[in-house]
Structures are given as C-alpha cells and as structure tokens.
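Numbers for residues simply follow the sequence, beginning at 1.
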Amino acid sequence: MSDFDQFRLSDEHHMLREAVRAVCDDKIAPLAAQVDDSAEFPQESYDALRKADFHAVHIPEEFGGPGADALATCIVIEEVARACASTSLIPAVNKLGTMPLLLAASEDLLKRYLPAVASGQAMFSYALSEPEAGSDAVAMSTTAVRDGDAYILNGAKRWITNAGVSEYYTVMAVTDGEAGANGISAFVVERSDEGLSFGAPEKKLGIRGSPTRELYFDRCRIPADRLVGAEGSGFKTALRTLDHTRVTIAAQAVGIATGALDYAAGYAKERKQFGKAIAEFQGIQFMLADMAMKVEVARQMTYVAAAKSERGDKDLTFFGAAAKCFASDVAMEVTTDAVQVLGGYGYVKDYPVERMMRDAKITQIYEGTNQIQRLVMARQLLS
C-alpha cells in the first residue's frame, strides 16, 4: 500500500465551497429543522440545489453535467450536510445510483439516463441490500430471468435511499443462481416500470427528510438493453461503486460534524455561567479543541481518499473504507460532544445539535457498517 498521496485544493475548489455554503446558509439550513420534523422529502432544498447546479455535480460534461472531480463532489456534499444531512443525500445518492453506469454501462445507457440527472429532471437511487442480505450482499434473492428481449425481475430490496422520489434505480439481481457473486447482474429500472412498487417510508432516527423505502418487484419486465455491463459482472461493479461512494459518505459525515462543531463553538461564546462565557472554561476549551482536531483529521483523510477516487488508485478500496469509517466515527463523537457542550439545551429540538447527532448515526451504518469497513481494510492490509 502506498503512502498518503498529496491532494491540493485549487482556487476553483475554494470558490466552489464558498458558493455552496452561500446557497446552503440562505436556502437550505433555514429549512433543516422543518424537514426533520415533517419527515418529508426536502423539495425546496432540492430546487435550490438544482437552480445552483449542485444536485449532481459529478456528472461528466459530455452528458450535460458540471463534470466536477471527486474532490469537488465531496466539498459539495460536505457543505450541504453541514446545513442539512437529509438534503446532502441528493447529490450523494445521485452519485451512488449513477456510479455503476459510469463504471460499466454502454454509451447508449449513459446517453439515455445521465442527462436527465444532470438537468435535475430525475434522481438516481441504488438498490443492493435486501431484507435478508445486508452486509452479506451475495446472499441476495432478487432474480432477473431472461425472457426474449427482456428480463423479468422478482424480489425485494430494502433500505433504498430516496426510493419513490428517484425516477431511476440501479438494481442488483441474480441472473445465475449457481455462480455465486459471479451470477449477479446490474440493471436500470424506471419508477414507472410495471411490476415495481414501493413500501411505506421507514420511520427513522435521523435523515428523516430522505425517504427510505423497500422496492418490490412482481414480474417487473424491463428491456434487456438496460443491463449494466456484462451479465454476471454486477457484484464486481457494486464493489467498485462502493469504493468510490464511501468517500462521499465520509464527506457527509465531515459536514455533519462541522455543523455541530460550528454551532457548539458559537454557543459556548454566548452562553454565560458563573458570570462569564462558558468558552472561557478550560474544560469546554479542551472539548472544542478535541472536536476540531478530529474533524480536521477526518476531512484530510476524506480528501486524500477523494483524490485517490479521482485517479482510480489501486489502494482506493482501503482508503475509501478508512475515510468512511473514521469520519463517521468522528461525526458520532463530535455531535455527541456538541450536545454535551449545550447541556440541557442540546437535548431539545429548539437547537440543531440533537438533530445532527441523530443524523450522524447512519453514517456508521450505510454503505457498509463500520465493522465491515474494518474487515475491508484488514483484508487489504493482509492481502
């Protein structure tokens, strides 16, 4: 495994951060509490992202997108997550859903589906997990059987982010039950396809504004030309996808943690006890210093991983898992400490840090639990 490679934020990256933060502070952060309370998709925030062209910045220019590199994409997700974690799943999941196509799809599929995502007319979700196949994704039971010029899908997918709102879905299904991981293929399914239906939205601890639902396939017939890559290559594509998109979850975690740190530091300067601001107490100062130190290390790890994602480095698997694992653990620690800095006020919904703490938890779970990330890293170290 190579040493940490250097990344460099260009002037364009710094300008991008300022532009995204301005949109988020003005249009997205003021709605975050309402989005959490209502548990409804943040349509106004999505509209703000679309207007500023921040909803799918990773889409290449040839398909109508901004063509942002992996580092720029992380900056966008980080800044949106700092304001509203639910909304940050719009650019994050658009990348997750389209990454299999960018890695393996035909030019025809790319031209057919990416422009609509780039323009904001459609979102793209990713369907890998099942009720009985989470960390053990190879155990999936959803099938796709060839029938002339079509495939017929049967089964169910669970924990699908933005399900029911997204127009398109990358779905992994078994095409050869005897071949194990080599018998799984990837397909594009459209929301309007007959035989596709959705479960009720999950009632979640956090990211409540991002709908999470099951997908049900009941003899769902799709054209054979919606196969992504070769038949049997789907699981390999899924793993390659996660190598890249775990970096975006790390960015989301960094953003959530940054939002909590910023709020806690500001609160500490204003809140007075024993005749002075609590920021003057060394105990609070040490907490804030530790929080800031961890956030910055997580950010640096995430940016290194993003640079490796952009280059397609051979050690991306390790660094993607490491960035996601470390940053999400930091997000949970920092948001919990932010609640502690606010004391009783941190525990009530009048202040945003309790929401940030709830939102942070999922970053330790989705796109592979942090226990799975440690397995991934260990295998890379020992291979």
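Listed by chain and residue number, Y46 satisfy the ring pair (Phe, Tyr, Trp, His ring centres under 6.0 Å) test with F41 (two or more places apart in sequence, or in another chain). Residues that satisfy the ring pair (Phe, Tyr, Trp, His ring centres under 6.0 Å) test with Y345, not counting sequence neighbours, are Y351.
No side-chain donor-acceptor contact under 3.5 Å links E132 and S141. Side chains of N162 and S210: a donor on one and an acceptor on the other come within 3.5 Å.
K51 has no carboxylate O lying under 4.0 Å from a charged side-chain N of D47, or vice versa, which leaves the two without a salt bridge. A salt bridge does not link D329 with K324: none of the charged nitrogens is closer than 4.0 Å to a carboxylate oxygen. With salt bridges taken as basic N to acidic carboxylate O contacts below 4.0 Å, none links R221 and D193. A salt bridge between R158 and E202 is present, with a side-chain N of the basic residue lying under 4.0 Å from a carboxylate O of the acidic one. Salt bridge status for D36 with K204: absent, with no side-chain N to carboxylate O gap under 4.0 Å.
Applying the ring-ring contact (aromatic ring centres under 6.0 Å, His included) rule to pairs touching residues 354-383 yields nothing, sequence neighbours excluded. Legend: side-chain hydrogen bond (donor to acceptor under 3.5 Å, both in side chains) pairs involving residues 117-127, not counting sequence neighbours, sorted by first then second residue: S125-S166.
The structure places CD of E280 at 12.5 Å from CD of Q273, a figure rounded to the nearest 0.5 Å. Separation of atoms CD1 (I365) and OG (S328) is listed at 9.5 Å; rounding is to 0.5 Å. Interatomic distance, I249 CD1 to R246 CZ, rounded to the nearest 0.5 Å: 10.0 Å. With rounding to the nearest 0.5 Å, the separation of CH2 in W159 from CG in L128 is 14.0 Å. Going from atom CD1 of I256 over to atom CZ of R358 covers 11.5 Å, rounded to the nearest 0.5 Å. The distance from the CG atom of L9 to the CZ atom of R17 is 6.5 Å, given to the nearest 0.5 Å.
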List the steps, then state whether salt bridge (charged side-chain N to carboxylate O under 4.0 Å, His left out) holds for E296 with R299. CA-CA 5 Å; E296 191 54 40; R299 179 177 289 111; 2.8 Å; yes
Chi angles and distances behind the salt bridge (charged side-chain N to carboxylate O under 4.0 Å, His left out) call for E333, K294: CA-CA 9 Å; E333 291 177 33; K294 292 171 184 175; 2.8 Å; yes
Given side chain to side chain contact (heavy atoms under 4.5 Å, CB included), test V171 with F217 step by step and report yes or no. CA-CA 11 Å; V171 177; F217 304 97; 3.8 Å; yes
Salt bridge (charged side-chain N to carboxylate O under 4.0 Å, His left out) assessment of R208 paired with E40: CA-CA 7 Å; R208 288 163 47 81; E40 294 180 356; over 6 Å; no
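When the shell of 6.0 Å around CZ of R374 is examined, it contains more than 12 heavy atoms from other residues, nucleotides or ligands. Within 6.0 Å of CZ in R146 there are more than 12 heavy atoms belonging to other residues, nucleotides or ligands. The local environment of CD in Q340 is sparse, with at most 12 non-hydrogen atoms from other residues, nucleotides or ligands closer than 6.0 Å.
When H58, H13, R311 are each tested for a side-chain hydrogen bond (donor to acceptor under 3.5 Å, both in side chains) with D69, only one passes: H13.
Side chain of T336 to main chain of M332: a donor-acceptor pair is present (N/O by atom type, distance under 3.5 Å, no hydrogens or angles). Checked by atom type and distance alone, the side chain of N94 never pairs as donor or acceptor with a backbone atom of M123 at under 3.5 Å.
Cluster annotation: Y216 and Y169 are assigned to distinct hydrophobic clusters (Ile/Leu/Val/Met/Phe/Trp/Tyr, side-chain heavy-atom contacts under 4.5 Å, transitive). No path of Ile, Leu, Val, Met, Phe, Trp and Tyr side chains, each step under 4.5 Å between heavy atoms, connects L242 with I77, placing them in separate hydrophobic clusters. Under the 4.5 Å side-chain heavy-atom criterion for grouping Ile, Leu, Val, Met, Phe, Trp and Tyr, F235 is connected to V174 within one hydrophobic cluster.
In the hydrophobic clustering (ILVMFWY side chains linked at under 4.5 Å, chained through shared members), V376 is joined by I372, L375.
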Which pairs would a plain distance check flag for residues 177-190, meaning a side-chain donor or acceptor within less than 3.5 Å of a matching protein atom at least two apart in sequence or in another chain?
| residue | atom | partner | partner atom | Å |
| --- | --- | --- | --- | --- |
| S185 | OG | T175 | OG1 | 2.7 |
| S185 | OG | G232 | N | 2.8 |
| E190 | OE2 | Y113 | OH | 2.7 |

